[in-house]
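Here the structure comes first, spelled out in structure tokens, and everything after it is commentary.
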Amino acid sequence: MPTKPDHLKQYIKEILLPKTGEDGFQLYKSKELLRVKGPFVDQISFQLSQYGSKTFYVHYQKNLIAYPLLNISSYRVGHRLSNNSDNGDESEWRGSESDEAKKAIISVSDAYDKIIEPWFATVSSVAEYVFEYFANNHDATTKSLEIAVAFAYAGKRNPAWWICSDLLSEGIESDKVILAACKEYIDVDEIEKQKEALQNEHYAKYHAAMADLAVPESRHDNINSLLNHWRQQNIEKFKLEKFIV
């Protein structure tokens, strides 16, 4: 029995990709567009109904590329659409037949222009990302490694340190990867602070005492290096090198 054509896949490639490609998006999978821009991985993905109706949602989302527990199949900052009704198009997005799939992707393309791309443009900084994180998650808490990474990216190193310290102190039930990342952050923060102190004339007379302090072991001597390391780990893990804008 011949395989039924995937009309959504066809029109995503023919209609939506040229438009989103102007903003740096590329096909990551047949129904997923992606780009790595600054501290974020941005995605537009299609979720088909699990009941076989060929109706679909469009998710548009952002994740921190340096988050050690990054899962690009989920998100805390983003939204989903089931139609383009905000722009006067009440028709249901479906993709079972060629004509309705084409009509739906044209509607998605219009929604991209008027809703999705403007949202990506608005949430373009770490500060805006953090605002969206708390505005759209009723259970959100500052006691999160993801928020610690966001603070660190924004140069707010002390809040990031306190978050990591709190997570470590409550580490019995925490994820081991989270604990390891928190410890690494605190160790590198200590290394960076000691290095800065030794280079500061105000502390020069204490050089000998500083030299006797126990220095944590790490391949990184500053927080930026650590963040870049976590970023590169995810780029390699998810094969994102060619998606960097």
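The two residues Ser144 and Thr141 make their nearest non-hydrogen contact at CB-O, 3.6 Å. Scanning both residues, Leu33 and Leu16, for their nearest heavy atoms gives CD1-CD2, 3.6 Å. In plain terms, the two heavy atoms of Leu8 and Gly95 that are nearest each other are CG-CA, 3.9 Å. Of all heavy-atom pairs between Tyr133 and Ala140, the closest is CE2-CB, 3.7 Å. The shortest non-hydrogen separation linking Lys13 to Pro18 is O-CD, 3.4 Å. Asn84 approaches Ser107 most closely through the heavy-atom pair CB-OG, 3.2 Å.
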For this session: Tell me, with the steps shown, if Phe120 and Phe25 meet ring pair (Phe, Tyr, Trp, His ring centres under 6.0 Å).
Result: CA-CA 12 Å; Phe120 278 120; Phe25 285 97; 5.5 Å; yes

For this session: Under the side-chain contact (heavy atoms from CB on, under 4.5 Å) rule, what do Ile65 and Tyr153 come out as? Steps first, then yes or no, please.
Result: CA-CA 11 Å; Ile65 189 63; Tyr153 247 121; 4.2 Å; yes

For this session: I would like to know whether Ile178 and Lys183 meet side-chain contact (heavy atoms from CB on, under 4.5 Å); could you show each step before the answer?
Result: CA-CA 9 Å; Ile178 291 178; Lys183 185 179 186 308; over 6 Å; no

For this session: Tell me, with the steps shown, if Ser165 and Ile186 meet side-chain contact (heavy atoms from CB on, under 4.5 Å).
Result: CA-CA 7 Å; Ser165 178; Ile186 287 175; 4.1 Å; yes

For this session: Could you please spell out the steps behind the side-chain contact (heavy atoms from CB on, under 4.5 Å) verdict for Glu92 and Glu100?
Result: CA-CA 9 Å; Glu92 188 177 44; Glu100 68 181 10; over 6 Å; no

Exercise. Should His229 and His220 be marked as a ring pair (Phe, Tyr, Trp, His ring centres under 6.0 Å) after you check the CA-CA gap, both sets of side-chain angles, and the distance that decides it?
Worked result: CA-CA 9 Å; His229 170 68; His220 310 286; 4.9 Å; yes

Problem set entry | Pair Lys19-Glu117, salt bridge (Lys or Arg N to Asp or Glu O under 4.0 Å): steps then yes or no | CA-CA 10 Å; Lys19 178 181 292 291; Glu117 193 283 328; over 6 Å; no

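Ile235 and Val245 end up in different hydrophobic clusters when Ile, Leu, Val, Met, Phe, Trp and Tyr side chains are linked at under 4.5 Å. The hydrophobic clustering, which links ILVMFWY residues whose side-chain heavy atoms are closer than 4.5 Å, places Phe131 and Tyr67 apart. When the side chains of ILVMFWY residues are joined at heavy-atom separations under 4.5 Å, either directly or via intervening members, Val177 and Leu179 end up in a single hydrophobic cluster.
Within the 4.5 Å cutoff, no side-chain heavy atoms of Tyr28 are placed close to those of Ser45. By the 4.5 Å heavy-atom criterion applied to side chains, Gln61 and Val77 are not counted as neighbours. Contact of the Lys193 side chain with the Asp189 side chain is registered, since non-hydrogen atoms from C-beta on lie closer than 4.5 Å. Proximity of Ile163 to Leu145: side-chain heavy atoms (C-beta onward) are nowhere separated by under 4.5 Å. The side-chain heavy atoms of Phe238 and Val41, taken from C-beta on, include no pair separated by under 4.5 Å. By the 4.5 Å heavy-atom criterion applied to side chains, Trp93 and Ile105 are not counted as neighbours.
Ion pairing between Lys62 and Glu132 fails under the 4.0 Å rule for side-chain N and carboxylate O. The existence of a salt bridge linking Glu192 and Arg157 is confirmed by a sub-4.0 Å separation between a basic side-chain nitrogen and an acidic carboxylate oxygen. With respect to the salt-bridge test (charged N to carboxylate O, under 4.0 angstrom), the residues Asp23 and Lys37 do not qualify. Between Asp99 and Lys103, none of the side-chain N atoms (NZ, or NE/NH1/NH2) sits under 4.0 Å from a carboxylate O, so this pair counts as no salt bridge. Between Lys114 and Asp89 there is no salt bridge, since none of the side-chain N atoms of the basic residue sits less than 4.0 Å from a carboxylate O of the acidic one.
Of the possible donor and acceptor atoms, one in the side chain of Ser125 sits under 3.5 Å from a partner among the backbone N and O of Glu128. Remark: side-chain polar atoms of Asn222 are not paired, donor with acceptor, to backbone N or O of Ile191 under 3.5 angstrom. No donor-acceptor distance shorter than 3.5 angstrom exists from the side chain of Glu146 to the backbone of Asn63, with no hydrogens or angles considered.
Stacking of Lys156 on the aromatic ring of Phe151 is not recorded, the 6.0 Å distance cut-off and the 45° axial limit not both being met. For the pair Arg80 and Tyr57, the distance from NZ or CZ to the six-membered ring centre is under 6.0 Å and the angle to the ring normal is within 45 degrees.
The distance from the CD1 atom of Ile15 to the NZ atom of Lys102 is 6.0 Å, given to the nearest 0.5 Å. With values rounded to the nearest 0.5 angstrom, Tyr75 atom OH is found 10.0 Å from Asn137 atom CG. Of the inter-residue distances, the one linking Arg231 atom CZ with Ile244 atom CD1 reads 5.0 Å to the nearest 0.5 angstrom. Taking SG of Cys182 as the start and CG of Leu168 as the end, the distance is 5.0 Å to the nearest 0.5 Å. Rounding to the nearest 0.5 angstrom, the gap separating the CG atom in Leu69 from the CG atom in Asn234 is 9.0 Å. Note: Ile72 CD1 to Leu34 CG = 6.0 Å, rounded to the nearest 0.5 Å.
Classified by interplanar angle (parallel below 30°, tilted 30° to 60°, perpendicular above 60°), the ring pair Tyr60/Trp119 is perpendicular.
Using a 3.5 Å distance cut-off with no hydrogens or angles, the side chains of His59 and Gln47 do pair a donor with an acceptor. Side-chain contact annotation: Ser124 with Tyr129, donor-acceptor N/O pair under 3.5 Å absent.
Annotation: Trp161 is not in aromatic contact with Tyr185 [ring centroid separation under 6.0 Å not met].
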